[in-house]
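Contents: one structure, followed by commentary.
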Amino acid sequence: MSARTRLGGYAGRSLDVDLSKRTCKSVPLRRQFALTYLGGQGFASRLLYDFVGPEVDPLSPGNVLILSTGPFTGTLWPQASRFVVAAKSPLTGIFGEAHSAGHWGPELKFAGFDFIVLHGRAKSPAYLFIDDGKAALLDAKDFWGHNTQETTDMIKEAQGDSTVRVACIGQAGEKLVRFAAVINDYDRAAARSGMGAVAGSKQLKAIAVRGSQDIPVAKPDRYLAVLEELHHKMLGSPFTASRAAYGTTNLVELMQEIGRLPTNNMRSGVFSGYRKISGETIKEKYLVKPRADFACLQRCGRYTLVRTGPYAYCGGGPEYESQAALGSRCGNDNVESVLYGHHLCNLYGLDTISTGATISWAMECWDQGLLKAADTGGVKLNWGNHESIVQLIHLIARREGFGNVLAEGSYRAAEALGRGTEQFVMHSKRQEIAGQEPRAQKSMGLAAATAARGADHLYAFPVLDEVGFDKEIGIRYGKQYLPEIGDRLNPKYKGVMVKENEDFCAVVESLGVCKYGTLIPPVLFYEDVVAAFDVTVGVPLTVADFRRIGERIVNLNRCFNVREGIRRKDDTLPPRLTKVPAPEGPSKGQVVELEQMLDEYYAQRGWHKHEGLPTRNTLHRLGLDDTAKDLARRDITLPAST
Amino acid sequence: MRRFLHADPTVCVGCRICELVCSLHWEKTLNPKKARIRVRRVDPGLDVVVACRNCDEAWCIEACPEEALRRNQQGIIVVDKAKCKGCSACVEACPFGAIFLNPETGKATKCVACGFCTRFCPVNTLQILTPEELATLKQQKVIRHECASLLDDLRSERHNQGGEA
């Protein structure tokens, strides 16, 4: 690519690392690739499809680990700090990805690279150091066995520079806990689907980055004016003040109000002890200050302190998901244990959602008499036993005792135990459902069932039907779907909402920006992306172009999963959520009408509803004929049309 | 009176938008290492904006063997890029680490208190201040903090009196 045609926004190169051969190769970014898949999740989707077939075990050297930014990462777009970590997931066995913020992603671009692809497996613990266009694999034996905070400090010290940015794994990733996270900048987590375990399987302890290179701007004379306008829009939203005050912690109160706060392993959506773990409590007693990730106006990051007692610590977090997972979901109203548990998960490198969900599954099994002290090594698992929750976090991360069973995730743990414990696993495609009790919000149920990485609230992030966003719903989905689409208990038109959101989320995650500001509050939308992309990258893509790119990425992810055997039968929720009426609270009597919503969703997608397969017509329209051919070659016959 | 860029490290959230805006304004690109300021995170809980204070006794000016640094009529220390050889004597001399070498040109660069970044600060803590103004600001903060209970008492007393009247 000549200097004249260099795209703005992108660093313009990627790094290809072979851990087995200990080689690092810098590769120019192809313009066509960039404009077809954008960046971030889009890059990861294409690369994963091309590199990792169904024959590859997620924890084998054949899996690839991808870390990718997008063209807006490190720019002035409001909340432009994001990057994706992707691989085939050891938790789900299918498409795996996790997203994080902080300062690591922007620094990777300042160091000269848009993304990194890691192949193979190092012979001994190693870390990758990327310094201004140069990359080297270095010895990490001394860091192995250390938590993420120690590892980060040791690498900064080894490089003699506290401004080096570090993404690393803790003991949980080393021990191949199937829901281990990658932690960057001390307390930011690429948490879900076990990306930390993939790094651990490759004996890759960390990736440290430092850079002083430009992210070029295509139209510098107009850039600031366009971006300043977006800043004003963002700061003008009343949500921004609320985010700054509470982060996401006060979602506990809001979710309690609509009966969507998962309680006692999702038996219920209301928690009597919610006030004790609420955003208000945390703000009053434990918040030191809000913290922002790179170029973030929302500043939902928290810096918190528990002064004394067994749960004393000082550090980042928490956010709503951790409060729900380690709090209400486990029937736990001891807020200091929730805060400390979250901190421990960051140190060990664990996904708080799957950690809390797996513990809450065990607690329900205990409650039902299916688990006894003899199974748990004497750990008592009564609801709300905060000492046991904290103890189990240690045991899981170290794979000690009963922790070794739970480290497999709730699906595999139940499979191993049997005895009817399977019915209490709150999962889809083997990943634990996050903090949204879907009987109280049907769109979240559909979103969890269709998400490519297994149960997930963020793949579609349908939030506008939570309460009171009818105007924005009209703008984003069409007024013809009102009022049903805005009613969180009504399954109608949720297929429309989830389809549209998945496409837009794919664009957002591929640009390298946050879902706050784009999905909620619904301030920035396709038109803003078009304006910013033009002045940043210098290519006048249209709204229709971006919609098509989003749809392309979602279809490609589906094709990856189809190749792994995923069909409609797997787009499911546990019977508790689809058959057992919610027992209490604002959603009392509700179930998730999943099949009805799925029919609508597949129709919206242009997928065949019997098996949930993308049709050849749909893939052709999205420029994915090569993918359809690959599936045909593997004797997977896609229907021509719906 | 000399002026400089200041931010309260307990209020600053460390978003580094000011670094980006600075590099855009002066260098027409996005690159925090070309910015004339730095935001440093110091835990527990501080985010510190490092920017030149335009000291009255400016060691950087004295240290420069090329006489590339001088104070302009507004009291701001400026770098003459034509004279600067990039020896970094000023970087060594500055007690605050507030002078940097541009990674591309190798020449010294520093905040000249233009104030352009302040309008982008999401928490409105970035300001161009004189030492006197900074002192006043700090006094107000300390007084508010130390006299918080006294002020509360006075307010509630006034409120009660108002209620009875």
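The chains referred to below are lettered A, B, ... by the order of the sequence lines, with proteins before strands, and numbering in each begins at 1.
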Does K289(A) pair with D47(B) as a salt bridge, N-O distance under 4.0 Å? yes
What orientation do F83(A) and W104(A) show, parallel under 30°, tilted 30 to 60°, or perpendicular over 60°? tilted
Applying a strict 4.5 Å limit to non-hydrogen atoms, the region of E27(B) in contact with chain A is neither
Tell me, for R38(B) versus chain A, whether the close heavy atoms (under 4.5 Å) come from the side chain, the backbone, both or neither. neither
Answer key: most heavy-atom pairs under 4.5 Å with chain B among G315(A), A244(A), S81(A), G211(A) is G211(A)
Chain A contact via S23(B) - side chain, backbone, both or neither, heavy atoms under 4.5 Å: neither
Could you tell me the separation between the SG atom of C296(A) and the CZ atom of R16(B), rounded to the nearest 0.5 Å? 13.0 Å
Given V123(B), I17(B), N31(B), V39(B), the one with more heavy-atom pairs under 4.5 angstrom with chain A than any other is N31(B)
Quick one: of T75(A), D132(A), T240(A), L305(A), who has the most non-hydrogen atom pairs under 4.5 Å with chain B? T75(A)
S26(A) and R13(A): side-chain donor and acceptor closer than 3.5 Å? yes
When only pairs under 4.5 Å are counted, which of A295(A), A80(A), G301(A), P220(A) shares the most heavy-atom pairs with chain B? A295(A)
Most chain A-contacting option - heavy-atom pairs closer than 4.5 Å, from C15(B), P32(B), P44(B), P103(B): C15(B)
Highest number of heavy-atom pairs under 4.5 Å with chain B: which of V288(A), L224(A), L227(A)? L224(A)
So for Q298(A), is it side chain, backbone, both, or neither that comes closer than 4.5 Å to the heavy atoms of chain B? neither
Give the member of L24(B), V11(B), V21(B) that has the highest number of heavy-atom pairs under 4.5 Å with chain A. L24(B)
Heavy-atom contact with chain B under 4.5 Å, split by part of R299(A): side chain
Are R36(B) and W26(B) in a cation-pi contact, defined as NZ or CZ under 6.0 Å from the six-membered ring centre and within 45° of the axis? yes
In terms of heavy-atom pairs under 4.5 Å, which option from G74(A), P78(A), G8(A) contacts chain B the most? G74(A)
Give the ring-plane orientation class for F294(A) versus H103(A), where under 30° counts as parallel, over 60° as perpendicular and anything between as tilted. perpendicular
With only heavy atoms counted, which part of L76(A) is less than 4.5 Å from chain B, the side chain, the backbone, both or neither? both
Which atoms of Y223(A) come close to chain B, meaning under 4.5 Å heavy atom to heavy atom: side chain ones, backbone ones, both, or neither? side chain
Parallel, tilted or perpendicular: which one describes the rings of F120(B) and F116(B), with boundaries at 30° and 60°? tilted
Under 4.0 Å between a Lys/Arg side-chain N and an Asp/Glu carboxylate O for D185(A) and R41(B)? no
Is it the side chain or the backbone of T163(A) that comes within 4.5 Å of chain B heavy atoms, both, or neither? side chain
One thing to verify: whether K34(B) and D214(A) come together as a salt bridge, which I'm taking to mean a side-chain N less than 4.0 angstrom from a carboxylate O. yes
Is the positively charged end of K33(B) above the ring of F100(B), judged by distance under 6.0 angstrom from the centroid and angle within 45° of the axis? no
Salt bridge check, D293(A) against R82(A): does any charged N sit closer than 4.0 Å to a carboxylate O? no
With only heavy atoms counted, which part of C18(B) is less than 4.5 Å from chain A, the side chain, the backbone, both or neither? neither
